[in-house]
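Presented below is the structure to which this report refers.
Read the numbers this way: they start at 1 and go in the same order the structure lists the ligands and their atoms. The analysis underlying the following values was restricted to heavy atoms, covering all of them including side chains, and did not include hydrogens, waters or symmetry mates.
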Amino acid sequence: MSSQTKLNIGLYGFGVVGASLYEVLTHTTTLNTRISKVCIRHAEKERSAPAALFTTDRNLILDDPDINVVVELTSDPVAAYYIVTTALRRGKAVVSANKKMIAEHLEELIDLQLQYKVPLLYEASCCASIPVIRNLEEYYDNDLLHSISGIVNGSTNYILTRIAEGRNTYEEALAAAQAAGFAEADPSLDVQGTDAANKMSIFLAHAYGVLAHPEKLLYTGIVNLHKADSIFAREKGYEIRLVAQARKLKDGKVAAFVLPQFVGNGNMLCEVKHEYNGVVIESSLADKQFFCGKGAGGFPTASAVLSDLSALRYEYRYEYKKLRYSDPSELSSDFYLRVCISFKSLIQVVHERFARVEEWSSSDTRCHITGIIHYSQLQESNWWKQPGVSLIVYPGGIVEHFLPVHIFEEEFVEV
Ligand code: HSE
């Protein structure tokens, strides 16, 4: 595909993002781009485009030899998998925003791109308007990239901000995020952290060459956070955000997880509010860089799709450099985290799980224990995810080297 090639697009999905893309493309005449067919699921819905454009037959686009680009913007990961893999096999370039489908099938999707020599671009799948994937792929060299930490889910950030501002209850804020078109069709994917884990899984491939199914990552969302946790945070000068984090450890392996985190005034992520996303990338030469922008919503997501379409015209494709041309890293389970565990009943939290307890407080409604805990303690069982328990990571929460002090052994030394 060259800059002269006309992009003849078959579009799947005409929801918030699909309709925004249609509007933008109809008003941008310079792109040499045309949407020739739109496949939708519900023919009866009223649409902001001529009826002749729409079909409910998904094969009409895939079978059309004149359509050279498939844009997949559905909310259904199963349908998206069929559409994207079939389109690649038929030699069509693909742009997709379906993070769940991409994260769960990335290895196969990379193979298909190589086998059929066609690109699949998905900048819109992570952080909508912020160009994170292409920067990780092109700009940051593997050895220099220390860490990525980010607020990558707009809905949960919107909910946490509205609650912290005292404007909404959790239920009201979630309903507002849904009404604004930020939330997933199944909003449990947002609030339970799955969406953020999907995005982290995609980042890992482009940042460190790690192919990790999202279910291999440690993650949780915001559903278990308690009102008392915000008060606890405020007393310490923090706010709470859902943060996706990956850090290269000294042994070359990568620590990666998605967990609620305390962020203080000095942290750039503290400034990220409402549906905005923010990503801080740390590398040895550039030090810290901060990307911030709208992470959800029709036009911000359409802007990333537009950028991918434009990139297709100069034959851009992901090379997966860290995966293919250098030694890819692997995930680590051998590190500690400094966390606060918040809970209402003592039987839910066994203090022996901590390598060190640093602070303990309790009120009528809630107890908070701060301490150092080995990552494998969290990986091996779900005690910290049960209803009534929440876990919040402290800033700079990864502790690589820690010598647990066995107090009891020391106290009872015989003399
Ligand atoms: N539901 C997602 C979010 C949409 O809230 O971030 C953008 O990926």
Side-chain angles (χ1 to χ4, degrees), residues 12-21 71-77 80 95-104 106 121-134 136 148-163 168 170-203 206 214 217 219-223 225 241-245 258-261 269 272-279 291-308:
Y12 287 88
F14 206 76
V16 184
V17 182
S20 302
L21 181 72
V71 176
E72 185 283 311
L73 300 175
T74 73
S75 57
D76 177 349
V95 175
S96 172
N98 203 307
K99 50 268 160 121
K100 186 168 164 57
M101 186 279 293
I102 293 164
E104 290 178 355
L106 192 50
L121 301 182
Y122 41 82
E123 191 63 67
S125 67
C126 298
C127 302
S129 67
I130 320 176
V132 184
I133 298 175
R134 235 184 285 170
L136 289 174
I148 313 160
S149 75
I151 292 168
V152 300
N153 181 270
S155 303
T156 45
N157 206 48
Y158 182 83
I159 295 167
L160 291 175
T161 314
R162 301 276 288 204
I163 295 172
N168 286 137
Y170 172 84
E171 288 73 19
E172 287 166 353
L174 173 57
Q178 288 179 281
F182 305 148
E184 298 299 298
D186 170 5
S188 70
L189 294 171
D190 295 296
V191 295
Q192 290 177 356
T194 319
D195 180 70
N198 289 334
K199 291 165 180 167
M200 176 46 88
S201 159
I202 295 172
F203 284 166
H206 293 278
L217 301 176
Y219 72 86
T220 188
I222 62 166
V223 272
L225 290 174
R241 299 277 192 274
L242 184 64
V243 178
Q245 224 184 108
V258 177
L259 295 168
Q261 189 180 310
L269 296 183
V272 181
K273 310 227 174 187
H274 299 281
E275 79 272 27
Y276 279 79
N277 283 188
V279 178
F291 299 76
C292 183
K294 285 195 172 168
F299 287 114
T301 313
S303 86
V305 175
L306 202 62
S307 174
D308 278 350

Revision key, fill the gap. Nearest heavy-atom contact between V152 and A244 is CG2-CB, 4.0 Å
Point to revise | ligand 1 contact on A183 by region, counting heavy-atom pairs under 4.0 Å | key: backbone
**Study point:** Flag for E72-S96: side-chain donor and acceptor within less than 3.5 Å
**Key:** yes
**Study point:** Heavy-atom nearest neighbour in the protein, as seen from atom 5 (O) of ligand 1, with distance rounded to 0.1 Å
**Key:** S155 OG, 2.6 Å
Exercise for review: May I ask you to identify the nearest protein heavy atom to atom 2 (C) of ligand 1, giving residue, atom name and distance to one decimal place in Å?
Suggested key: E184 OE2, 3.1 Å
Review point. Taking all atoms of both residues into account, what is the closest heavy-atom pair of P214 and S201, and its distance?
Key: CD-OG, 3.7 Å
**Study point:** Region of N153 engaging ligand 1 - heavy atom pairs below 4.0 Å
**Key:** both
Check your understanding: What is the closest protein heavy atom to atom 8 (O) of ligand 1, and at what distance does it sit?
Key -> K99 NZ, 2.6 Å
Review point. Strictly by modelled atom types, are D186 and S188 linked by a side-chain donor-acceptor pair under 3.5 Å?
Key: yes
Check your understanding: How close does the nearest protein non-hydrogen atom get to atom 7 (C) of ligand 1, and which residue and atom is it?
Key -> G295 O, 3.4 Å
Exercise for review: Check if E275 has a non-hydrogen atom at a distance under 4.0 Å from any atom of ligand 1.
Suggested key: no
Review point. Aromatic ring centroids of H274 and F182 under 6.0 Å?
Key: no
Exercise for review: Determine, stepwise, if the pair F291 / N277 fulfils side chain to side chain contact (heavy atoms under 4.5 Å, CB included).
Suggested key: CA-CA 8 Å; F291 299 76; N277 283 188; over 6 Å; no
Check your understanding: Quick one: nearest non-hydrogen protein atom to atom 6 (O) of ligand 1, plus distance?
Key -> G154 N, 2.7 Å
